[in-house]
Colleague: 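One structure follows; several queries about it will come next.
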2 protein chains.
Amino acid sequence: MKNNLSVLVVEDSLIFSEGMELILKQHTAIKEVYTAHNLKDTIARIRKTAIDIIFLDLNFETKEYDGFTIAKKVKEQQEAIKIIVLTQYARVYVYEKLFKECKVDAYLDKQLGTNELFLALEKVMQGEIYINSNIESIMNIKKWWKISKREKQVVPLLVQGYTQKEVADRLNISARTVENHITSIMRKLEVKNSVELAAKYVLYVNGNRENLEGGLSPF
Amino acid sequence: MKNNLSVLVVEDSLIFSEGMELILKQHTAIKEVYTAHNLKDTIARIRKTAIDIIFLDLNFETKEYDGFTIAKKVKEQQEAIKIIVLTQYARVYVYEKLFKECKVDAYLDKQLGTNELFLALEKVMQGEIYINSNIESIMNIKKWWKISKREKQVVPLLVQGYTQKEVADRLNISARTVENHITSIMRKLEVKNSVELAAKYVLYVNGNRENLEGGLSPF
DNA sequence: TAGGAAATAGGTAAATTCCCCTAAAAATCA
DNA sequence: TGATTTTTAGGGGAATTTACCTATTTCCTA
């Protein structure tokens with residue numbers, strides 16, 4: 001591995017970027033740590049300086065762009081730059097977008113230690129893809145990839161508490177067709193009924209944080 | 001407001017605590033910023049130094065204690081110390097525990113800006129309770145407070161895809177009783193059916209991060 | 001200790017979901 | 001273009017959920 005890496009932290013929250021900088025500087029292979037707080041500064045930096053790795057947040061205050069936009073723009077201009085995505089809210093469905101569309105190299109939950117941060121850095125510099133998530137999560141996303149376009153329209157409505165008939169009315173199709181879609185979805189996701197489907201959907205959309213926050217259980 | 005505040009950051013992640021320290025030092029009313037990375041250091045610090053405010057994380061690597069434990073211990077010993085809880089995963093059900101049991105003074109999601117951090121600090125020093133969450137979330141928690149002990153046992157089973165009959169078998173009660181419990185829960189939570197109930201439950205347990213991460217929608 | 005939930009369980013009937021099929025038009029893709 | 005998948009829709013029937021009821025026992029709290 002190179003031992004004079006130039007890294008760039010792209011993150012609009014000061015609290016986090018200042019901390020990141022201090023940590024990254026402790027790694028012996030890192031020569032220089034730059035910071036950018038928005039899209040414009042990021043692009044300016046990669047043009048001016050030879051950057052090896054970008055640590056990129058997905059959340060930005062502005063609605064004009066987000067981490068996805070930045071990742072794509074960076075890879076368009078300089079494909080060789082490795083991108084490690086850091087995100088506070090590890091929602092499973094973002095994986096697809098990140099790896100297929102944005103070509104990022106690693107995905108890390110911000111609730112991470114210095115060790116894991118450096119491990120990701122080393123893996124990525126060796127050309128590997130790194131994800132700090134459990135296998136189960138990955139398996140669950142793959143199930144959702146099988147869900148068709150129309151099926152994806154049915155689920156949110158069902159989960160809001162609409163009956164199959166009501167969903168049918170909203171989509172201007174037969175209740176029978178909706179029933180078939182739901183059956184198909186349940187088979188693909190390997191769930192027993194609509195109730196379990198609703199739970200799985202919310203986990204998928206909203207992220208699963210089981211075993212976090214001290215393993216607290218609400219009931 | 002006092003203008004020579006001593007604050008303590010209790011947080012085991014270096015990345016975050018280093019950043020927090022830098023930010024807090026920028027506030028004119030803050031005289032001194034201390035850091036503690038575990039329960040022992042926290043208690044030692046409040047005994048040695050007169051602390052006004054603690055910024056407390058809920059997540060700790062260890063399973064021996066968590067933010068809740070620390071908050072309780074601190075308030076037991078020195079009730080006057082204000083506690084501002086910072087958490088990465090804003091799960092709604094923790095509110096109850098935090099405010100009723102641990103007597104914390106503020107609750108902030110880590111995805112916050114400097115402004116909000118300082119606003120919370122000022123509100124808390126004026127003796128107010130501060131929560132950076134929307135009213136809807138609060139209303140939704142209150143609905144869950146009405147759910148009885150037995151009802152709380154039924155919900156997780158139902159959400160796992162078990163039928164009312166199967167839930168009844170597991171709890172060794174009549175299917176009819178389970179049915180009554182579910183009806184009661186649906187009325188209390190104002191949901192239309194079990195499917196919507198499942199969705200609400202997962203949101204409640206796992207936290208709602210709608211409108212975060214750039215308002216991305218999966219479908 | 002009296003009142004009020006909570007937990008228990010049932011009757012009846014309607015509404016809804018779920019299952020196992022078939023089948024054709026439309027869209028997609030190789 | 002030919003093959004595959006998606007979307008559409010239905011028949012028939014079983015299983016399940018939901019809606020309104022009543023009613024007893026237990027438990028908790030003011």
Colleague: Please state whether the phosphate of dA6(C), meaning OP1 or OP2, lies under 4.0 angstrom from any side-chain nitrogen or oxygen of Ser184(B).
Modeller: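 No, no such contact exists.
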Colleague: Using the side-chain heavy atoms of Ile182(A), tell me which of these nucleotides is nearest: dT18(D), dT17(D), dC18(C).
Modeller: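 My answer, after comparing the listed nucleotides, is dC18(C).
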Colleague: Without decimals, in angstroms, what is the distance between Tyr162(A) OH and dT18(D) P?
Modeller: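 After rounding, the gap between these two atoms is 17 Å.
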Colleague: Using atom CD of Gln164(A) as one end and atom P of dT16(D) as the other, report the distance to the nearest whole Å.
Modeller: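 Computing the Gln164(A):CD to dT16(D):P distance gives 16 Å.
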Colleague: Side chain of Ile173(A): nearest nucleotide among dA9(D), dT12(C), dT17(C)?
Modeller: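 Among dA9(D), dT12(C), dT17(C), the one nearest the side chain of Ile173(A) is dA9(D).
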Colleague: dA9(D) P sits how many Å from Leu171(A) CG, rounded?
Modeller: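 Computing the Leu171(A):CG to dA9(D):P distance gives 11 Å.
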Colleague: Should Asp105(B) and Lys75(B) be marked as a salt bridge (charged side-chain N to carboxylate O under 4.0 Å, His left out) after you check the CA-CA gap, both sets of side-chain angles, and the distance that decides it?
Modeller: CA-CA 11 Å; Asp105(B) 304 278; Lys75(B) 286 281 182 178; 3.0 Å; yes
Colleague: Just to confirm, is there a sub-4.0 Å distance from OP1 or OP2 of dT7(D) to any side-chain nitrogen or oxygen of Gln153(A)?
Modeller: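 Looking at the OP1 and OP2 atoms of dT7(D), neither is under 4.0 Å from any side-chain N or O of Gln153(A).
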Colleague: With a cut-off of less than 4.0 Å, is there a side-chain N or O of His181(A) near OP1 or OP2 of dA9(D)?
Modeller: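 The answer is no; no side-chain N or O of His181(A) sits under 4.0 Å from OP1 or OP2.
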Colleague: Ignoring backbone atoms, establish whether Arg150(A) has a side-chain N or O less than 4.0 Å from OP1 or OP2 of dT8(D).
Modeller: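 For dT8(D), OP1/OP2 do have a side-chain N/O of Arg150(A) under 4.0 Å.
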Colleague: Looking just at side-chain N and O atoms, do Asp66(B) and Thr69(B) make a donor-acceptor pair shorter than 3.5 Å?
Modeller: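 Looking only at side-chain atoms, Thr69(B) and Asp66(B) do form a donor-acceptor pair, the distance falling under 3.5 Å.
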Colleague: Any side-chain N or O of Lys188(B) under 4.0 Å from OP1/OP2 of dA6(C)?
Modeller: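 Affirmative; the distance criterion is met.
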Colleague: Grab the CD-P distance between Glu166(B) and dC18(C) for me, whole Å please.
Modeller: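 Going from Glu166(B) (CD) to dC18(C) (P), I get 13 Å.
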Colleague: May I ask you to decide whether Lys165(A) forms a salt bridge with Asp169(A), counting only side-chain N to carboxylate O separations under 4.0 Å?
Modeller: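 Looking at Lys165(A) and Asp169(A), the cut-off is met.
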Colleague: Any idea which of dT17(D), dA19(D), dT17(C) is nearest the Arg176(B) side chain?
Modeller: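 Minimum distance to the Arg176(B) side chain belongs to dA19(D).
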Colleague: Specify the separation, in whole Å, of atom CD of Glu196(B) and atom P of dT18(D).
Modeller: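 From Glu196(B) CD to dT18(D) P: 11 Å.
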Colleague: Taking NZ from Lys146(A) and C1' from dT4(D), how many angstroms apart are they, rounded to a whole number?
Modeller: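 Distance check: Lys146(A) NZ to dT4(D) C1' gives 17 Å.
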Colleague: Is any side-chain nitrogen or oxygen of Ser194(A) closer than 4.0 Å to OP1 or OP2 of dC18(C)?
Modeller: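 So the side chain of Ser194(A) is within the cut-off, an N or O lying under 4.0 Å from OP1 or OP2 of dC18(C).
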Colleague: Working note: Met20(B) + Leu86(B), criterion side-chain contact (heavy atoms from CB on, under 4.5 Å); need CA distance, chi angles, decisive distance, verdict.
Modeller: CA-CA 11 Å; Met20(B) 275 292 290; Leu86(B) 302 161; 3.8 Å; yes
Colleague: Below 4.0 angstrom from OP1 or OP2 of dA7(C), is there any side-chain N or O of Thr177(B)?
Modeller: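 For dA7(C), neither OP1 nor OP2 has a side-chain N or O of Thr177(B) closer than 4.0 Å.
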Colleague: Starting at the 5' end of DNA chain C and moving along, which residue's nearest nucleotide shows up first, Asn193(B) or Asn172(B)?
Modeller: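 Looking at DNA chain C, the more 5' nearest nucleotide goes with Asn172(B).
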Colleague: Would you please test Tyr130(A) and Glu116(A) for side-chain hydrogen bond (donor to acceptor under 3.5 Å, both in side chains) and show each step?
Modeller: CA-CA 10 Å; Tyr130(A) 187 85; Glu116(A) 190 150 30; 3.1 Å; yes
Colleague: Which residue, Lys149(A) or Asn180(B), contacts DNA chain D at a nucleotide closer to its 5' end, judged by nearest heavy atom?
Modeller: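 In this pair, the answer is Lys149(A).
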Colleague: Starting at atom CG of Asp169(B), determine the distance to atom P of dA9(C), rounded to an integer number of angstrom.
Modeller: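 That distance rounds to 12 Å.
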Colleague: Applying the side chain to side chain contact (heavy atoms under 4.5 Å, CB included) criterion to Ile182(B), which one of Thr177(B), Val155(B), Leu158(B) satisfies it?
Modeller: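 When Thr177(B), Val155(B), Leu158(B) are each tested with Ile182(B), the side chain to side chain contact (heavy atoms under 4.5 Å, CB included) holds only for Leu158(B).
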Colleague: When we call it a touch if two heavy atoms are under 4.0 Å apart, what does Glu179(A) touch: a base, just sugar-phosphate, or nothing?
Modeller: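 Base: the residue Glu179(A), judged by heavy atoms under 4.0 Å, touches a nucleobase.
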Colleague: Send over the distance from Glu190(A) CD to dC18(C) P, rounded to a whole Å.
Modeller: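 Rounded to whole Å, this separation is 17 Å.
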